[in-house]
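Below, chains carry the letters A, B, ... as their sequence lines are ordered, and counting in each starts from 1.
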Protein chains: 2
Amino acid sequence: MFLSRFTNALDVKGRVSVPADFRTVVALDGIKRGDDFDGVIVWPSLEGKWLEGGGMALMRAKQSVLNSLEPHDHSRIAFERAYFGESFRLSFDANGRVSLPKELAEFAGLDKQVTFVGLGERFEIWDADAYSSKAKQVRKLAKESRQALYAKVKLAAEQGSAT
Amino acid sequence: MFLSRFTNALDVKGRVSVPADFRTVVALDGIKRGDDFDGVIVWPSLEGKWLEGGGMALMRAKQSVLNSLEPHDHSRIAFERAYFGESFRLSFDANGRVSLPKELAEFAGLDKQVTFVGLGERFEIWDADAYSSKAKQVRKLAKESRQALYAKVKLAAEQGSAT
DNA sequence: TTCTAGCCCATAGTATACCATTGCAAGCGG
DNA sequence: CCGCTTGCAATGGTATACTATGGGCTAGAA
């Protein structure tokens, strides 16, 4: 499970250390599933100017969700293009770094300091400054919407048990 | 189940002993779930200037609650960032201590004595002085609102059985 | 050739693993 | 009933390993 927030430096060669915590997360579920790929998958977020990433396990999960749709479903194909087509397989070097393709770095406005944010089953990669200003809003929003969240969850649970 | 209240010292290196009681709690439900992680998860409270914590089991519970919402729900993402992104995975050393990141210690104003308060499924970490003054108010508030609490519980039970 | 991408090595700083000591508290024996 | 002993919990200090980061080298592509 990806947790916590780490800020690392992007060097002149476009490399950045993936937090050791995150590396062990992907390594562990790699071992569980017998994956040989030692690295992460990263793609541009559909929500805004930052990146999202995860291990192979997450990709498999996405795939199995999409497999439940008709092969020729337009939205299925659109998602496949957006997620799989825009994803990059970034493998770790001997020191646990990955080199970010220019395309991704430009998309998210990454230049010096980058922040990895753990979100449970996936993580986000932000420009450090962009995230630190975002973080304040996030805290406020989370606090304000606690009530609403509780209501939604309750509703979802009721619907879930009804089906 | 986290119970009771313990006050331990924070040393110059930022380490503090987690009460032995709490350690056995997380160890037990770690064994039940086959977790290999021996430690606690700690995050800044959304309510005020103190920390909250629990075992991995609590985090999984949070995750499954959030999973019941739409993947792109803004408040869901805000919660993921606020809870998972701000959480720290603190593992025990051989003597049952964890080292508190500076960020968390500063947030909660921890310097010398820290108080762990058991709250059932989770616990709180306070500056000892701050808590002892809070405790008086809490006791008073709890005493005053017993009637109101009972009424709310009764109401909720009626609504629950009605649905 | 020249540039780029991957690979290897070196290092500073920090965090964590290990070892030793103290203090409290429960159990045992007098 | 009191003192001794034994074990665990908490705390302090030191050594070691690991993380993050910088730079150089080589091989292959342009």
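As a whole-Å value, the separation of A:Asn95 CG from C:dG6 P is 15 Å. To the nearest angstrom, P of D:dT19 lies 14 Å from CZ of A:Phe22. The interatomic distance linking B:Phe92 (CZ) with C:dC18 (C1') rounds to 18 Å, in whole Å. As rounded to whole Å, 13 Å separates atom P of C:dA5 from atom CG of A:Leu104. For the pair B:Asp93 CG and D:dA15 C1', the computed distance is 15 Å after rounding to whole Å. As a whole-Å value, the separation of A:Gln113 CD from D:dA20 P is 13 Å. Atom CG of A:Asp21 is separated from atom P of D:dT19 by 10 Å (rounded to the nearest Å).
Counting any heavy atom pair closer than 4.0 Å across all strands shown, B:Val98 reaches no nucleic acid atom.
Taking the six-membered ring for Trp and the full ring otherwise, A:Phe22 and A:Phe2 have centroids separated by under 6.0 Å.
Among residues two or more places apart in sequence or in another chain, the side-chain contact (heavy atoms from CB on, under 4.5 Å) test is passed with B:Ser17 by B:Asn8, B:Arg97.
Nearest-nucleotide assignment on DNA chain C puts the 5′-proximal partner with A:Lys102, out of A:Lys102 and A:Ala94.
Under the 4.5 Å side-chain criterion, counting only non-hydrogen atoms from C-beta, B:Leu90 is in contact with B:Leu100. A 4.5 Å side-chain heavy-atom check between A:Glu80 and A:Gln63 finds every atom pair outside the cut-off. Between B:Val16 and B:Val98, some side-chain heavy-atom pair lies under the 4.5 Å cut-off.
Cation-pi geometry between B:Arg89 and B:Phe37 is satisfied (NZ or CZ under 6.0 Å from the ring centre, within 45° of the ring normal).
Put simply, B:Ser91 has no side-chain N or O that comes within less than 4.0 Å of OP1 or OP2 on C:dT16. For the pair A:Ser17 and D:dT19, the criterion of a side-chain N or O lying under 4.0 Å from OP1 or OP2 is not met.
Applying a 4.0 Å cut-off to non-hydrogen atoms, the residues of residues 2-16 of chain B that approach DNA chain D are B:Asn8, B:Ala9, B:Asp11, B:Lys13, B:Arg15, listed by residue number.
Atom CZ in A:Phe84 sits 7.5 Å away from atom NZ in A:Lys62 (nearest 0.5 Å).
On a pure distance criterion of 3.5 Å, a polar donor-acceptor pair joins the side chain of B:Arg97 and the base of D:dG12.
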